[in-house]
Number of protein chains: 2
Amino acid sequence: MNENNLVFNEKTCPVTATMQVIGGKWKAILINAIYQTSPARFGELKRSVTGITQSMLTSQLRELEDDGIINRKVYAEIPPKVEYTLTEFGLTLSPIILSMAEWGRKYKFNQAQKK
Amino acid sequence: MNENNLVFNEKTCPVTATMQVIGGKWKAILINAIYQTSPARFGELKRSVTGITQSMLTSQLRELEDDGIINRKVYAEIPPKVEYTLTEFGLTLSPIILSMAEWGRKYKFNQAQKK
DNA sequence: CAGCATCCTGTCCGATACTG
DNA sequence: CAGTATCGGACAGGATGCTG
């Protein structure tokens, strides 16, 4: 046995678990968008999150809901109205997302300097 | 114009920029692994990051290097020896990764309770 | 308005074999 | 030891059309 026995297992790694929740192309953006505009309506998200398609928006919201990150509140009205908010647990993600936003700005600044 | 003009653009979103650096299946794990065992040798990473293949390890390390996150130090020896460390800039990612690890543990705990 | 059902495409990733 | 090179499959993600 060597002195350094650290193991980083993709199955058990907590970082990977987090990536599976907020990873992918849209999840983090959506969490941020809902955090900023809460309560956020479906159509509102579709307009503010530029480039996302309806089907992607639906599926990503559903996954976030299943993971306990967001609440989905349906109003029995015509026309339909659905509001999304972060759950209490979802709110614990916001510091991470905000840190990521801050870091992303630094990164872009660095990239711009490199040229 | 409505009162709420926030836009979350996939091209300019700083959160997306960060995701492109630490996203994917292995990047965050690798950053964490190098952070914990620095300086980390190639073979050492291959052993500790269970499940990763050589080609993936090589390509992911190369991308992290190109993004300015890690340093690659080659020793002109036989047998070859390469050491990876986080750059100063890469170190600014560690609080984020650590937060993600902490959050991932909470998430797993929640999931376990749900059953 | 807020979805769902299909179909399709690109890329991410893994397996395997070879090298300085 | 620390890599390359090549190949192929799975899956995330996108386009489009339809619905309560």
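A note on names: the letters A, B, ... follow the listed sequences, proteins ahead of strands, and every chain is numbered from 1. Computed from a prediction, not measured in an experiment: that's the story for all the values here.
D/dA2 atom P lies 15 Å from atom NZ of B/K73, rounded to whole Å. Separating the CD1 atom of A/I29 from the P atom of D/dA12 is a distance of 18 Å, rounded to the nearest angstrom. Between the CD1 atom of B/I70 and the P atom of D/dA2 there is a distance of 14 Å, given to the nearest Å. The interatomic distance linking B/Q60 (CD) with D/dG3 (P) rounds to 14 Å, in whole Å. In this structure, B/Y75 atom OH and D/dA2 atom P are separated by 12 Å, rounded to whole Å. Spacing between atom CG of B/L57 and atom C1' of C/dG14 amounts to 14 Å, rounded to whole angstrom units. Remark: P of D/dT4 and NZ of B/K46 are 14 Å apart, rounded to the nearest angstrom.
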Open item on the list: Please determine whether salt bridge (Lys or Arg N to Asp or Glu O under 4.0 Å) holds for the pair A/K27 and A/E63, giving the CA-CA distance in whole Å, both sets of side-chain angles, and the decisive distance to 0.1 Å.
Closed with: CA-CA 9 Å; A/K27 296 278 187 69; A/E63 288 181 26; 3.0 Å; yes
Enumerate the protein-to-nucleotides 2-12 of chain C contacts in which both atoms are nitrogen or oxygen and the separation is below 3.5 Å.
| from | atom 1 | to | atom 2 | distance (Å) |
| --- | --- | --- | --- | --- |
| C/dA2 | OP1 | A/R41 | NE | 3.0 |
| C/dA2 | OP1 | A/R41 | NH2 | 2.8 |
| C/dA2 | OP2 | A/G43 | N | 2.7 |
| C/dG3 | OP1 | A/R72 | NE | 3.3 |
| C/dG3 | OP1 | A/R72 | NH2 | 2.3 |
| C/dG3 | OP2 | A/Y84 | OH | 2.6 |
| C/dG3 | N7 | A/Q54 | OE1 | 2.4 |
| C/dG3 | O6 | A/Q54 | OE1 | 3.0 |
| C/dC4 | OP1 | A/R62 | NH2 | 3.2 |

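Side-chain contact annotation: A/T50 with B/N9, donor-acceptor N/O pair under 3.5 Å present.
Between A/W103 and B/F89, the ring center distance clears the sub-6.0 Å criterion.
A/K114 is not listed as a side-chain neighbour of A/N110, based on a closest heavy-atom distance of 4.5 Å or more. Between A/R41 and A/V82 the shortest side-chain heavy-atom distance does not fall below 4.5 Å.
With sequence neighbours left out, A/F109 forms a side-chain contact (heavy atoms from CB on, under 4.5 Å) with A/Q113.
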